[in-house]
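First comes the structure, then the notes that go with it.
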2 protein chains.
Amino acid sequence: MLLHLNPSSGVPVYLQLESQVKQAVAAGALRTGDTLPSTRKLAAELRINPNTVARAYQDLERDGVTLSVPGGGTFVADGLPGLLKSEKVKRLRPHARQLAVEGRQLRLTREEIVKMLEEELDKLGGQP
Amino acid sequence: MLLHLNPSSGVPVYLQLESQVKQAVAAGALRTGDTLPSTRKLAAELRINPNTVARAYQDLERDGVTLSVPGGGTFVADGLPGLLKSEKVKRLRPHARQLAVEGRQLRLTREEIVKMLEEELDKLGGQP
DNA sequence: CCAACTGTACTAGTGTATTAGTACACTATG
DNA sequence: CATAGTGTACTAATACACTAGTACAGTTGG
């Protein structure tokens, strides 16, 4: 796997890790059951503290993206199968509103905003 | 104007103010040239420090949403007319990616994600 | 069973975010 | 010109975020 950090971005390291893993999963580069590097190994590669990686893995598990088992490792979970659709919608709506508000703020047209979202969905590829 | 805070949400007060003003502007409830309450007046209403309101107004001005003039007041600016479209797209794309990744993470279909965005755009109303 | 690996829990230090207090400078209004 | 109202700049107190150090508990594989 390819994970790289931007120390000068101001974004916390564990958040950078989380978003990169999420993107990899969303794009299909990581599939259900795939194993992620151990906390210590990844920490050694990136020259950071193992606990920082652990923090990212804990958050990912809380979000249902991965599953961590002591002694075993950290794996990609199967995508929130038990979650009701209404709950999914509830989680996603704030992000949709954010995009809508910011887009309108920039005086972009409805079509331009929607098109940009479709482009990003296409970039992710995977299973449409 | 109707502004209300949620002290127990964990979201910083100045960010709550910013997002509510942005939504009001995006929805057309606030139009170019409209005046916002003064820092002291709004702070008194909400029982917070005037500097917290000032912080929100400064950020809004930095984002091109409002224009603050010392001694004058704070007004809604006209929507970033000098901004190149390429720059607008550059600003908005991270939000689009965020929505795309989170939506895919939840195993929602492309259509469902796009539809949710369109609903939020409709909610804002104003000038389609 | 043992050794080497895994994630976890606890503690601690450093920095920054958040809010507030206070004083300043500018503008409008009479 | 004077007063009241405006945004701004500076300082400071507090809390929390972030990262790291270290020790613990579980699992795997020989």
Side-chain angles (χ1 to χ4, degrees), chain A residues 1 3-22 25 30 32-78, chain B residues 1 3-22 25 30 32-78:
Chain A
M1 170 154 50
L3 283 177
H4 60 303
L5 300 177
N6 183 348
S8 62
S9 72
V11 180
V13 172
Y14 75 97
L15 284 182
Q16 293 187 41
L17 296 178
E18 289 177 33
S19 77
Q20 288 185 35
V21 171
K22 281 188 180 182
V25 172
L30 286 174
T32 300
D34 286 352
T35 75
L36 274 62
S38 77
T39 54
R40 285 171 180 76
K41 187 177 173 188
L42 183 54
E45 278 184 20
L46 301 176
R47 321 270 189 160
I48 59 180
N49 190 284
N51 249 333
T52 301
V53 179
R55 164 73 184 273
Y57 283 3
Q58 284 172 1
D59 286 358
L60 287 169
E61 184 172 25
R62 173 179 51 72
D63 290 349
V65 179
T66 60
L67 190 64
S68 293
V69 27
T74 298
F75 316 89
V76 177
D78 47 357
Chain B
M1 171 155 47
L3 282 177
H4 60 303
L5 299 178
N6 182 348
S8 61
S9 72
V11 180
V13 173
Y14 74 97
L15 284 181
Q16 294 186 42
L17 295 179
E18 289 176 33
S19 77
Q20 288 185 35
V21 170
K22 280 188 180 183
V25 173
L30 286 174
T32 301
D34 285 353
T35 75
L36 273 63
S38 77
T39 55
R40 284 170 181 77
K41 187 177 174 188
L42 182 53
E45 278 184 19
L46 300 175
R47 320 272 189 159
I48 59 181
N49 190 285
N51 250 335
T52 301
V53 180
R55 165 72 183 271
Y57 282 3
Q58 284 171 3
D59 287 357
L60 288 169
E61 183 172 27
R62 173 179 50 74
D63 290 348
V65 179
T66 60
L67 188 65
S68 293
V69 26
T74 299
F75 316 88
V76 177
D78 47 357

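Note on naming: letters A, B, ... go to the chains in the order of the sequence lines (proteins, then strands), and numbering restarts at 1 for each one. As a basis for the values below, the full set of heavy atoms in this structure was taken, side chains included, without hydrogen atoms, waters or symmetry mates.
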> OP1, OP2 of dT19(D) versus side-chain N and O of Tyr14(A): anything below 4.0 Å?
Replying inline: no
> Can you tell me how far P of dT8(C) sits from CG of Asn49(A), to the nearest Å?
Replying inline: 15 Å
> When rounded to the nearest 0.5 angstrom, what distance separates CG in Leu60(A) from CZ in Arg55(A)?
Replying inline: 11.0 Å
> Between atom CD1 in Ile48(A) and atom C1' in dT19(D), what is the gap in whole Å?
Replying inline: 9 Å
> Does dA20(C) have OP1 or OP2 sitting under 4.0 Å from an N or O in the side chain of Thr52(B)?
Replying inline: yes
>> How long is the straight-line distance from CG of Asp59(B) back to OG1 of Thr66(B), given to the nearest 0.5 Å?
In response: 9.5 Å
> Arg47(A) CZ to dT19(D) P: how many Å, rounded?
Replying inline: 18 Å
> Over how many whole Å does the gap from Leu5(A) atom CG to dC18(D) atom C1' extend?
Replying inline: 14 Å
>> Return the CD1 to CG distance between Ile48(B) and Leu17(B), rounded to the nearest 0.5 Å.
In response: 5.5 Å
> How long is the line joining CZ of Phe75(A) and C1' of dG7(C), in whole Å?
Replying inline: 11 Å
> Can you check the Leu15(B) CG to dT18(C) P distance for me, whole Å?
Replying inline: 6 Å
>> With rounding to the nearest 0.5 angstrom, report the NZ to OG1 distance, Lys41(A) to Thr39(A).
In response: 12.0 Å
>> Rounded to whole Å, please give me the gap between CG in Asp59(A) and C1' in dT19(D).
In response: 14 Å
>> To check you understand the geometry: which heavy-atom pair defines the closest contact between Thr52(A) and Tyr14(A), and what is its length?
In response: O-CB, 3.8 Å
Protein-nucleotides 3-8 of chain D N/O pairs closer than 3.5 Å?
from	atom 1	to	atom 2	distance (Å)
dT6(D)	OP1	Ser38(B)	OG	3.1
dT6(D)	OP2	Ser38(B)	OG	3.3
dT6(D)	O2	Gly71(B)	N	3.0
dG7(D)	OP1	Thr74(B)	OG1	3.1
dG7(D)	OP2	Thr39(B)	N	2.7
dG7(D)	OP2	Thr39(B)	OG1	2.8
dG7(D)	N7	Arg40(B)	NH1	3.0
dG7(D)	O6	Arg40(B)	NH2	2.7

> Going from CG on Asp63(A) to CD on Glu18(A), what distance comes out if it is rounded to the nearest 0.5 angstrom?
Replying inline: 7.0 Å
